[in-house]
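Here is the structure we will look at, set down as structure tokens.
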Amino acid sequence: MKCDEARELITSRIDGEIRKEEDAPLSLHLKECRRCSQELQEEKELQRRLNSLYKDKKAWVELKEEIIRMINERTTSFPAVVAKRFPFLLFAGLGLAAVAVVIFYLFFVYYQ
Amino acid sequence: MNIRKDGKCPPPTPPTVNGEEFKQRAIFLFNQICRITLGLTGSEDEAMDLVQDTYLKAWTAIEQFTPGANIKVWLAKIAYNTFVNGYHKKNRGKPVGEGRFVDNRRGPSEALLENVMDKDIEKALKSLAEEFRSAIVLVDIGEMNYEESAMVLNSTVGAVRSRLSGGRALLKKKLYEHAKSMEFTK
């Protein structure tokens with residue numbers, strides 16, 4: 001096996017994606033080739049470092065809660081969302097309705 | 001199971017996606033999706049916007065999700081496509097990073113990598129061309145296998161493997177050069 005062929009197989013082995021029939025020739029090559037053997041170790045270390053990136057970001061916690069809230073709002077019916085986010089609109093609506101009823105009543109009584 | 005009067009079973013009804021179940025599964029994957037978006041964008045602000053867009057798009061298109069399908073792949077695919085079609089386009093005028101594969105076998109030694117800071121790795125990753133970076137982000141940071149990554153990238157397993165191999169080689173080269181400039185190699 002040539003070093004160029006071994007390169008992709010090294011990647012596959014590190015990721016646990018190597019096929020059985022590829023593994024034995026690679027092992028044989030690694031025994032003979034110090035450079036590829038070194039590359040395997042380096043790539044393992046690089047993968048370990050990459051795997052530890054971006055962990056424990058505190059800003060994500062708030063974002064997670066915000067997204068859950070937004071999804072929940074989209075699940076809830078529109079009037080319920082309006083009532084929750086803009087309670088004054090609900091009161092204003094009720095007030096308008098009450099005024100309309102009173103006007104209608106007065107109008108009705110006047111023309112009776 | 002309901003049996004009809006004629007003794008035959010009714011045709012199976014397609015399973016529907018339970019919204020609550022979807023929410024739980026999607027939120028469970030939140031950290032992994034965040035890490036993928038951070039790896040893709042290389043910027044915390046852009047990553048947060050991308051995560052938010054991804055989840056809201058997923059929730060809006062929940063009916064398109066096939067029950068039993070891999071939800072992680074689905075979310076990662078939405079994130080990746082949103083990134084490629086939107087966020088990435090903003091940077092069209094800027095240099096796209098090193099994309100040409102260089103056969104450079106002289107990588108940093110393991111001890112050398114230990115001396116490289118996380119921010120140096122993040123910077124080197126960000127400087128890679130999108131085709132290499134996306135494969136590394138999905139497999140090494142997003143902890144996806146080759147098949148899942150190929151689905152996200154709309155590619156083949158072989159192509160993912162090539163991109164990974166090339167991308168890691170470029171990354172090692174950049175880190176080696178960085179370490180050399182910082183005189184870690186002394």
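Basis for what follows: all heavy atoms, side chains included, without hydrogens, waters or symmetry-related copies. Each chain gets a letter, A, B and so on, in the order the sequences are listed, and its residues count up from 1.
- The two atoms that bring I141(B) and L50(A) nearest to each other are CG1-O, 3.5 Å, heavy atoms only.
- Note that CZ of R168(B) is 11.5 Å distant from CD of E8(A), once rounded to the nearest 0.5 Å.
- The two residues R35(B) and Y54(A) come nearest to each other via the heavy atoms CG-O, 3.4 Å.
- Ion pairing of E42(A) with K172(B) is present here, as a side-chain N (NZ or NE/NH1/NH2) and a carboxylate O approach within less than 4.0 Å.
- Here the CD atom belonging to E43(A) is positioned 10.0 Å from the CG atom belonging to L171(B), to the nearest 0.5 angstrom.
- In this structure, a donor-acceptor pair under 3.5 Å is present between the side chains of S12(A) and R161(B).
- The minimum heavy-atom distance linking Q52(B) with L63(A) is given by the pair OE1-CD1, 3.6 Å.
- Atom CG of L53(A) is separated from atom CD1 of I121(B) by 5.5 Å, given to the nearest 0.5 angstrom.
- Expressed to the nearest 0.5 Å, how far CG of D15(A) lies from OG of S149(B) amounts to 9.0 Å.
- A distance-only check finds a donor-acceptor pair linking the side chain of E17(A) to the backbone of Y146(B) [under 3.5 Å].
- Checking side-chain atoms of N51(A) against main-chain N and O of D140(B) turns up a donor-acceptor pair under 3.5 Å.
- Taken to the nearest 0.5 Å, the CG atom of L164(B) stands 13.0 Å off from the CZ atom of R7(A).
- Between the CD atom in Q32(B) and the NZ atom in K55(A) there is a gap of 9.0 Å [rounded to 0.5 Å].
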